[in-house]
Amino acid sequence: MAAKKRYWLMKSEPGTYSIDDLQRDGSTCWEGVRNYQARNFMRDEMRVGDEVLYYHSNASPPGVAGLARVCREAYPDHTQFDPSSKYHDPKATGDEPRWFMVDIEHVETFDDVVSLEEIKADDRLDGMLVRQRGQRLSIQPVEAEHFRRIRTLGRRAGAGRP
DNA sequence: GCCAACGTTGGC
DNA sequence: GCCAACGTTGGC
């Protein structure tokens, strides 16, 4: 029996890799995660077909820029073995990789970012981790209702505004 | 650019 | 196992 589909929020700095980059590439490997909690989500819980809110951090404004989908489940992040990579981890070995990544594919780019400000102001998004001050986790689980609400806001934003 | 919040490291 | 020092994240 297939596991129930889950929903996630994944952060990226648009200066590094934006939703437009993802749209251009079609899909990408999510390299460079070096936080154990985020790694565990990818390695243990993310499944093909899970849906993703693509979040632009360190952006103006910060917020959800579009949607993506998991298209390959966890496998070792190759950059940990590469001494020339800034993600190199000298303690990782091929036999015992420490870091994993998934692949995600582009689904949709919102006309306008659903800003963090908007997310914080919406009562229906109460409890979203990204609203919490000091929440730095780059991969966060998201409730289905919150995912749908953000998607609605993202689709409404471009067309509905004066 | 600032800096608060957080995670990791390493001496003890 | 404690915790100070350090590095990073990310909103502002």
Side-chain angles (χ1 to χ4, degrees), chain A residues 6-25 28-46 50-68 70 74-104 106-143 146-147 149-154 156-158 161:
Chain A
R6 298 197 187 198
Y7 302 87
W8 306 94
L9 180 148
M10 297 173 80
K11 296 181 186 173
S12 181
E13 300 195 17
T16 303
Y17 196 82
S18 71
I19 187 83
D20 294 330
D21 295 321
L22 181 62
Q23 180 160 16
R24 180 198 62 219
D25 295 342
T28 193
C29 57
W30 207 251
E31 66 187 37
V33 170
R34 294 295 180 270
N35 169 281
Y36 288 103
Q37 208 177 343
R39 177 205 67 182
N40 293 348
F41 283 137
M42 288 198 292
R43 188 191 59 189
D44 305 334
E45 301 194 37
M46 292 179 90
D50 283 2
E51 300 202 65
V52 173
L53 300 173
Y54 196 100
Y55 183 90
H56 280 174
S57 61
N58 260 316
S60 46
V64 177
L67 306 179
V70 177
Y75 60 108
D77 179 340
H78 55 89
T79 63
Q80 69 193 303
F81 308 124
D82 178 1
S84 69
S85 169
K86 68 170 178 170
Y87 300 124
H88 180 236
D89 184 343
K91 293 179 187 158
T93 67
D95 283 344
E96 276 192 65
R98 180 182 292 202
W99 304 109
F100 292 81
M101 59 189 184
V102 298
D103 288 1
I104 63 171
H106 181 266
V107 171
E108 181 173 337
T109 300
F110 294 154
D111 290 333
D112 285 316
V113 167
V114 179
S115 70
L116 180 60
E117 185 183 15
E118 205 175 342
I119 290 169
K120 285 181 171 172
D122 192 326
D123 288 345
R124 296 167 71 168
L125 297 175
D126 257 354
M128 276 195 86
L129 290 175
V130 76
R131 288 170 43 141
Q132 290 175 16
R133 171 185 170 80
Q135 178 53 266
R136 302 189 308 172
L137 194 56
S138 64
I139 299 179
Q140 304 176 359
V142 170
E143 302 289 336
H146 293 161
F147 178 89
R149 178 62 178 159
I150 297 270
R151 184 175 56 194
T152 299
L153 292 172
R156 174 181 302 168
R161 233 166 239 168

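The sequence lines fix the lettering, A, B, ..., with proteins before strands; numbering per chain opens at 1. Just the heavy atoms: all of them, side chains too, but no hydrogens, waters or symmetry mates, feed the values below.
- If you take CD of A/Glu117 and P of C/dC12, they are 8 Å apart, rounded to a whole angstrom.
- Taking the charged nitrogens against the carboxylate oxygens, A/Arg149 and A/Asp122 do have a contact shorter than 4.0 Å, which makes a salt bridge.
- Under the side-chain contact (heavy atoms from CB on, under 4.5 Å) test applied with A/Tyr55, the options A/Ile150, A/Val64, A/Ile139, A/Val113 reduce to a single match, A/Val64.
- Residues satisfying the side-chain contact (heavy atoms from CB on, under 4.5 Å) criterion with A/Tyr36, sequence neighbours excluded, are A/Arg39, A/Arg98, A/Trp99.
- Scanning for side-chain contact (heavy atoms from CB on, under 4.5 Å) contacts around A/Ala59 gives A/Pro14, A/His56, with sequence neighbours left out.
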Under a 4.0 Å heavy-atom criterion, the protein footprint on nucleotides 3-11 of chain B, written with B, S and -, is -SBBSS---
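- Residues of residues 56-66 of chain A that place a heavy atom closer than 4.0 Å to DNA chain C, in numerical order, are A/Ser57, A/Asn58, A/Pro62.
- With sequence neighbours left out, A/Lys86 forms a side-chain contact (heavy atoms from CB on, under 4.5 Å) with no residue at all.
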Given side chain to side chain donor-acceptor pair (under 3.5 Å), test A/Tyr87 with A/Asp82 step by step and report yes or no.
CA-CA 8 Å; A/Tyr87 300 124; A/Asp82 178 1; over 6 Å; no
What verdict does the side chain to side chain donor-acceptor pair (under 3.5 Å) test give for A/Glu31 and A/Thr79, after you've listed the backbone C-alpha separation in whole Å, the side-chain angles of each residue and the deciding distance to 0.1 Å?
CA-CA 7 Å; A/Glu31 66 187 37; A/Thr79 63; 5.5 Å; no
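- Applying the side-chain hydrogen bond (donor to acceptor under 3.5 Å, both in side chains) definition to pairs two or more places apart or across chains, those involving residues 131-140 of chain A are A/Asp126-A/Arg131.
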